[in-house]
Q: 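One structure, as structure tokens, below. Some questions next.
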Number of protein chains: 2
Amino acid sequence: MSLLHISTPKPKDVTQKVVDALALAIHEHRLAPATKLGEDEIGEIYNVSRTVVRAALQSLAHIQLVEIQRNKGAFVASPTPREAREVFEARALLEPRTARSAASRATPSDIEILKDHIAKEHAALDAGDNGRALNLSGRFHIEIARIADQDTIGRFIETLIARSSLVIALYWRRESALCESHAHHALVQAIADGDEQNAEELMQSHLVDLNSALDFRDRPAQTLNLRELLQATDQ
Amino acid sequence: MSLLHISTPKPKDVTQKVVDALALAIHEHRLAPATKLGEDEIGEIYNVSRTVVRAALQSLAHIQLVEIQRNKGAFVASPTPREAREVFEARALLEPRTARSAASRATPSDIEILKDHIAKEHAALDAGDNGRALNLSGRFHIEIARIADQDTIGRFIETLIARSSLVIALYWRRESALCESHAHHALVQAIADGDEQNAEELMQSHLVDLNSALDFRDRPAQTLNLRELLQATDQ
DNA sequence: ATATACTTTATTGTATACAATATTGCTGCA
DNA sequence: TGCAGCAATATTGTATACAATAAAGTATAT
């Protein structure tokens, strides 16, 4: 820790910064599912005390990006096939309607923002930075929820997209290409046109496409030690 | 704090106990919206340190039962009319489908549990304990989500019902009677019969009824000081 | 050599101490 | 009286210290 406090500006919310940093690392697949997140370890990385690390981990646990096991610690979440399926079922339930609502409300500046997202997504893909592209793709969906101006449902969608990142990390089929940007482009067009029906349908089929690029059949290889699976504690 | 550790069993998760205690108090309307929740104050009540109180308050903030303002503290949430509307819109989107799913999966023991809930609800109403009746009513809905066996959506519904408690505290119209138990009874019957269509429709109309017993037009009286509303800080 | 009991180490859970910020009350002045 | 500025107080934000638990290692006995 910097003893002289020379390079610690600390202008705002420290905890949130740690949350954002960890979330980004998970979204960009730099932290794999089931990775142990030790409190001291993270604290040293970001030069903060365990107090704020713990708060950050609890935040991430709430949106199920990490799982906290009492007296064991925090791990990057590792959704089961069933959980993975549920995440996309929930998205299929919420997002089409949200897209419809966005189509009815979007302003020109909203459209600009969406197009900007797509452009960045393209750039990341061209640069071969798949992690960043995936993250941007998720933020595209979140942006639509914001435009729809439904805060409550928007929050749900945010957590679903966060978890989607983990699901994709675990269950993505190599064979299928990551060609979402075309779907995103069509969606933006429908929203720009105010075509509610089309926006809803495009979002729905987009999610179906995403789903079909996943293979939930077999559980992914676990990095967890066997002891975890064998001992039958009730905690 | 008990210096001799005589009466501190502390067998499990202390934080969760504080969370549950506060949540129950809010659900039963013993803690009114906008009430300040000081950390020391709560810590003394439950004989725990501020560390666990803070963790508990953060948990409750996640599900939006309390609102935390940086450097100001935690307050029981006070949903705006808009937020209140959104909560019920989201419920209308999620719960009917969940009821349908519950109807397709419910076991006899599930039905027992639901009937038990209704009985307790009746008892609480007869005893004039409206707070407890309201809480039980909410847990009835949560139980249906559990039966539907959709964990992800179930969590969303849980948070929505928690917030509904606040919405009802703020926007309930005196005129309309709290006569939900009849609707709940019919719903259980449909679920017991495995009548998916009916369960979905009953849930939908039940939520419509609930909604029509609320009046979102005027904002409730705020205990908050005006300074809060007048100063335009970006934090 | 394996298994088991015990010891040691590492990590998390909780409490407390200190720092930063906001709130309150006072004082003086117009 | 009313208000501006400062002092005092209270409350939250963060760091650290101590306690409890789990993990790892070691020695011994079978």
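Residue numbering restarts at 1 for every chain, and letters A, B, ... go by the order of the sequence lines. Nothing here was measured: the structure is a model prediction, and the numbers come from that model. Just so it is clear, the values below take in all heavy atoms, side chains as well, and ignore hydrogens, waters and symmetry mates.
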Q: Counting side-chain heavy atoms from C-beta on, which of D:dA15, C:dG13, D:dA23 comes nearest to A:Val48?
A: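 Ranking D:dA15, C:dG13, D:dA23 by closest atom to the A:Val48 side chain puts D:dA15 first.
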Q: When you match A:Gly73 and A:Thr51 each to their closest nucleotide on DNA chain C, which lands nearer the 5' end?
A: A:Gly73
Q: If a pair satisfies ring pair (Phe, Tyr, Trp, His ring centres under 6.0 Å) and one of its residues is in residues 12-70 of chain B, list it, with sequence neighbours excluded.
A: A:His62-B:His62
Q: Are A:Arg82 and A:Glu86 within salt-bridge range, i.e. N to O under 4.0 Å?
A: yes
Q: Rounded to whole Å, please give me the gap between CD in A:Glu44 and C1' in D:dT16.
A: 14 Å
Q: Hey, does the side chain of A:Arg70 come within less than 4.0 Å of C:dT14's phosphate (OP1/OP2), counting only N and O?
A: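 Yes, such a contact exists.
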Q: In whole Å, what is the span from the NZ atom of B:Lys17 to the P atom of C:dT14?
A: 11 Å
Q: Quickly work out the B:Gln69 CD to C:dT21 P distance and round it to whole Å.
A: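 Rounded to the whole Å, the gap is 17 Å.
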Q: Taking only residues two or more places apart in sequence, or in another chain, which ones meet A:Arg91 in a salt bridge (charged side-chain N to carboxylate O under 4.0 Å, His left out)?
A: A:Glu95
Q: Salt bridge or not between A:Lys17 and A:Asp13? Use side-chain N to carboxylate O under 4.0 Å.
A: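 The answer is no: the pair does not qualify as a salt bridge.
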Q: When you check the gap from the basic side-chain N to the acidic O, do B:Glu112 and B:Lys115 get nearer than 4.0 Å?
A: no
Q: So which nucleotide from D:dT14, D:dA17, D:dG13 ends up closest to the side chain of B:Glu39?
A: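 Nearest nucleotide to the side chain: D:dG13.
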Q: If you check every side-chain atom of A:Asn71, which of D:dT14, C:dT16, C:dG13 has the closest atom?
A: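 Nearest to the side-chain atoms of A:Asn71, counting from C-beta on, is C:dG13.
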Q: Does C:dG13 have its OP1 or OP2 closer than 4.0 Å to a side-chain nitrogen or oxygen of A:Arg54?
A: yes
Q: Relative to the 5' end of DNA chain D, which residue comes earlier, A:Val52 or B:Leu37, by the nucleotide with the nearest heavy atom?
A: B:Leu37
Q: Round to a whole Å and report the spacing from CD of B:Glu67 to C1' of D:dT12.
A: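 In whole Å, D:dT12 C1' and B:Glu67 CD are 16 Å from each other.
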Q: Can you tell me how far P of C:dT12 sits from CG of B:Asp13, to the nearest Å?
A: 16 Å
Q: I need the CG-P distance between A:Leu57 and C:dT11, as an integer number of Å.
A: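 Value for this atom pair: 15 Å.
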Q: Calculate the interatomic distance between B:Phe75 atom CZ and D:dT11 atom P; express it in whole Å.
A: 12 Å
Q: Report the residue (B:Ile68 or A:Arg50) whose heavy-atom-nearest nucleotide on DNA chain D is the more 5′ of the two.
A: B:Ile68
Q: In whole Å, I'd like the distance from the CG atom of B:Asp40 to the P atom of D:dT12.
A: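 So the CG-P distance, B:Asp40 to D:dT12, works out to 7 Å.
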Q: Please tell me if B:Lys36 has a side-chain N or O lying less than 4.0 Å from either OP1 or OP2 of D:dT12.
A: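 The answer is yes; a side-chain N or O of B:Lys36 sits under 4.0 Å from OP1 or OP2.
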